[in-house]
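Shown next, in structure tokens, is the structure this report addresses.
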Amino acid sequence: MKTETKAVDINRSIGDFAYPEVHVRDAGAGLSEKTIHYISDVKEDPDWVREFRLRGLKTFLEKPLPTHWASKDLEAIDFDKIRYYLSPGTTAKRSWDEVPEDIKRTFERLGIPEQERKFLAGVEAQFDSEAVYSNIKKAVGEQGVIFVGSTEGLKNHPEIFRKWFGKVIPIGDNKFSALNSAVFSGGSFIYVPPGVKVKHPLQAYFRINAENFGQFERTLIIADEGSEVTYMEGCTAPKFNTTTLHSAVVELIALKGAKIQYITVQNWSSNVFNLVTKRGLAHEDAEIKWIDCNIGSRLTMKYPGVIMKGRKARGEVLSIALANDGQHQDTGAKMIHAADETTSNIISKSISIGKGRATYRGLVHVPKHLKNCKNNTECDALLINSTSRTDTYPAITVRGTGNAVQHEASVSQVSAEQIFYMQQRGLTKAQAMSLSVNGFVNDLVRQFPMEYSVELKRLIELEMEGSVG
Amino acid sequence: MKELSVENLHVTIGGQQIVRGLTLRVPRGEVHALMGPNGSGKSTLAKVLAGHPDYEVTKGKVLMDGENLLELDPDERARCGLFMAFQYPSEVPGVTIANFLRAAIQSRLPEGEELEATDYYAKLYEKMELLRMDRSFTSRAVNEGFSGGEKKRTEILQLAMLEPKYAILDETDSGLDIDALKTVAHGVNSLRGPDLGVLLITHYQRLLNYIVPDYVHVMVAGRIVRSGRKELALELEERGYDWAREERAEPALR
């Protein structure tokens with residue numbers, strides 16, 4: 001067998017396992033002020049964070065579920081049954097040898113330490129609520145790059161942390177950003193000093209191991225002037241019969257001339273509600289690019305956004321969503337133009353299989369006083385079966401003149417004749433399907449880093465095998 | 001016996017009978033032309049042999065080198081050595097010819113064995129040269145935006161690359177101008193040999209000037225009404241299908 005470079009190994013057949021819980025810290029089921037104080041005590045939060053959390057709780061309780069526009073399936077989440085904080089009670093280790101044995105076993109099975117050695121500049125591994133491992137290559141650390149868990153970032157780098165935390169996504173942005181603000185734990189904190197270009201990607205791996213659990217990581221990335229960084233995240237969870245909630249908040253700040261590339265390949269099991277808020281703030285001539293691949297989960301709601309605050313800032317969202325039977329991928333992008341000569345690009349491709357449902361929601365906003373802004377939006381949907389479903393809800397507001405917006409959408413279907421044609425060449429039905437799907441996403445995947453395109457292709461093959469089988 | 005053998009085949013689609021007791025043998029190493037008027041069931045036969053799911057075989061046998069083809073899925077038939085050049089080949093959006101053919105060849109290798117990329121491309125370029133196809137073709141998506149001639153050439157390229165034991169060419173000449181026809185015929189002729197049996201389905205005699213068959217069969221109303229050497233095609237061209245139809249009227253009345 002040829003060995004191939006593996007990126008985040010989120011092969012579901014590998015990901016679907018769980019070890020007995022080892023948690024020392026458990027906030028218990030349900031959400032109240034008591035839960036918040038428990039978390040703040042355990043984490044030794046400063047007062048401002050405790051207050052921030054309490055405001056988050058209040059806002060969360062006040063806001064209704066967004067079922068007036070989003071899926072009613074949200075009502076199936078029983079917030080009283082979820083456990084909001086679980087941790088083994090240890091701090092993140094710098095060496096895999098120090099990570100508790102049973103947790104280390106999980107990440108070894110997922111292939112994380114091996115990938116770190118191969119091609120990553122740094123790795124963080126989160127197990128339920130807290131990071132259990134975080135490390136960056138010495139050379140990268142010596143350049144002044146900070147890459148730690150958010151708990152540690154808050155503790156050791158308060159001056160940077162506090163300045164940017166909650167500034168791009170306010171508590172009340174939506175019900176789930178409020179929930180995250182109340183109970184957040186884990187996630188990455190990254191700071192790249194001016195002019196530093198981190199050559200290899202930094203990677204975080206989020207693992208849910210426990211049942212009836214909610215993971216609420218909070219990631220904050222600041223790329224200082226003229227710096228560059230690529231961050232990748234992978235997520236898995238075992239398949240439980242109960243619901244699991246994953247509700248992260250990710251804030252990116254690209255200062256003048258900086259570039260941030262944020263790559264997600266998630267492969268949640270089909271009991272996970274994945275309700276994530278992601279937004280970046282791009283200053284003058286800065287660039288923020290989201291590459292977002294959503295596979296699995298029961299319901300995903302995620303619309304990565306870029307606020308282009310400075311002149312000539314650029315925002316990009318490239319997303320692929322694959323909705324299999326019983327899954328709903330409600331994804332899209334938000335592009336807020338807030339300065340002249342800003343450009344944004346959205347390319348979204350969705351694939352619906354069986355009774356799977358894919359929804360695209362896009363928001364492009366260009367206010368009246370701006371000049372020479374450009375947006376390009378392309379969204380393409382592929383339906384595999386006649387029972388598959390896709391919907392598109394683009395909202396484009398462009399005021400004033402001198403701005404250019406372009407929108408294209410298409411829906412296509414893999415025909416029975418096409419599959420027969422491919423079978424006649426020797427491909428099995430599943431191979432034919434997965435090659436068709438790969439063809440559909442091909443022009444987009446070509447823009448991804450190599451390791452990710454290989455991984456994504458493999459994941460699509462697995463999905464198709466399972467669905468045709 | 002190394003042959004593709006069809007015995008007393010009956011086929012229906014949507015309750016309507018299209019093939020009614022067809023018997024035909026194509027030994028390996030021979031080229032058999034199957035001619036017939038529109039609606040005689042030629043293309044149905046091709047699709048049934050390839051395993052198209054819309055058709056129902058109600059009676060009869062199809063054996064390839066003694067193996068019962070009717071029990072196999074379309075892809076299994078293909079991997080056993082059956083190839084069909086489609087009259088109307090499907091587009092496969094976003095999948096390049098190079099990747100498509102690579103996946104097709106890979107599907108024939110034992111599990112765990114990887115196709116050697118350099119050998120593959122060497123062979124691909126050689127076959128493309130044979131069919132006078134530009135190398136840039138390999139990076140175009142299969143049949144996407146192709147002209148009729150390009151589609152047919154791509155079919156023959158696949159035939160050349162997949163090296164089947166039996167090939168069915170369904171109306172490969174349709175929609176081709178004379179130059180494209182010559183190129184395609186040149187491709188097929190260069191693949192002729194003791195290891196390949198060809199069933200050449202065509203409406204017109206014209207193609208047979210360039211691919212000279214060993215035998216000619218005439219199909220009317222779902223069965224073979226006449227078989228003969230290549231001269232039969234010329235006779236048919238001269239006297240028309242009505243003549244063949246009349247010929248079959250007698251036995252049908254029995």
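Any value given below was found using the heavy atoms of this structure, including those in side chains, with hydrogens, waters and symmetry copies removed. Order of the sequence lines fixes the chain letters, A, B, ..., with proteins taken first and strands second; residue numbering starts at 1 for each chain. All values derive from a computational prediction rather than experimental measurement.
- Of the candidates A:Leu322, A:Ile419, A:Val437, A:Ile384 forms a side chain to side chain contact (heavy atoms under 4.5 Å, CB included) with just one, namely A:Val437.
- Using a 3.5 Å distance cut-off with no hydrogens or angles, the side chains of A:Asn294 and A:Gln329 do not pair a donor with an acceptor.
- Residue-level contacts of residues 129-146 of chain B with chain A, in order of numbering, are B:Val142, B:Asn143; threshold 4.5 Å between heavy atoms.
- No salt bridge links A:Glu378 with A:Lys349; every basic N to acidic carboxylate O contact stays at or beyond 4.0 Å.
- Side-chain atoms of B:Tyr55 never come within 3.5 Å of backbone atoms of B:Thr12 as a donor-acceptor pair (strictly under, hydrogens ignored).
- Highest contact tally toward chain B, considering only A:Val414, A:Asn442, A:Leu427, is held by A:Leu427 [criterion: heavy-atom pairs under 4.5 Å].
- Contacts with chain A were tallied for B:Cys80, B:Ser90, B:Ala78; B:Ser90 has the most, counting heavy-atom pairs under 4.5 Å.
- Ion pairing between A:Asp391 and A:Arg389 holds under the 4.0 Å rule for side-chain N and carboxylate O.
- Judged purely by distance below 3.5 Å, without hydrogens or angles, the side chains of A:Thr428 and A:Gln423 never pair a donor atom with an acceptor atom.
- Checked by atom type, the side-chain pair A:Asp330/A:Tyr303 shows a donor-acceptor distance below 3.5 Å.
- The parts of A:Gln424 that come within reach of chain B are both its backbone and its side chain, each placing non-hydrogen atoms under 4.5 angstrom from that chain.
- Applying the side chain to side chain contact (heavy atoms under 4.5 Å, CB included) criterion to B:Glu76, with sequence neighbours excluded, gives B:Leu72, B:Asp73, B:Arg79.
- Interface remark: B:Pro89 contributes backbone and side-chain atoms alike to the contact with chain A (heavy atom separation under 4.5 Å).
- Residue contact with chain A, scored on non-hydrogen atoms closer than 4.5 Å, involves the side chain of B:Arg108 exclusively.
- Contact count against chain A (heavy-atom pairs under 4.5 Å) is highest for B:Glu155 among B:Arg77, B:Glu91, B:Glu155.
- Checking A:Thr264 against A:Lys278 by side-chain atom types alone, a donor-acceptor pair falls below 3.5 Å.
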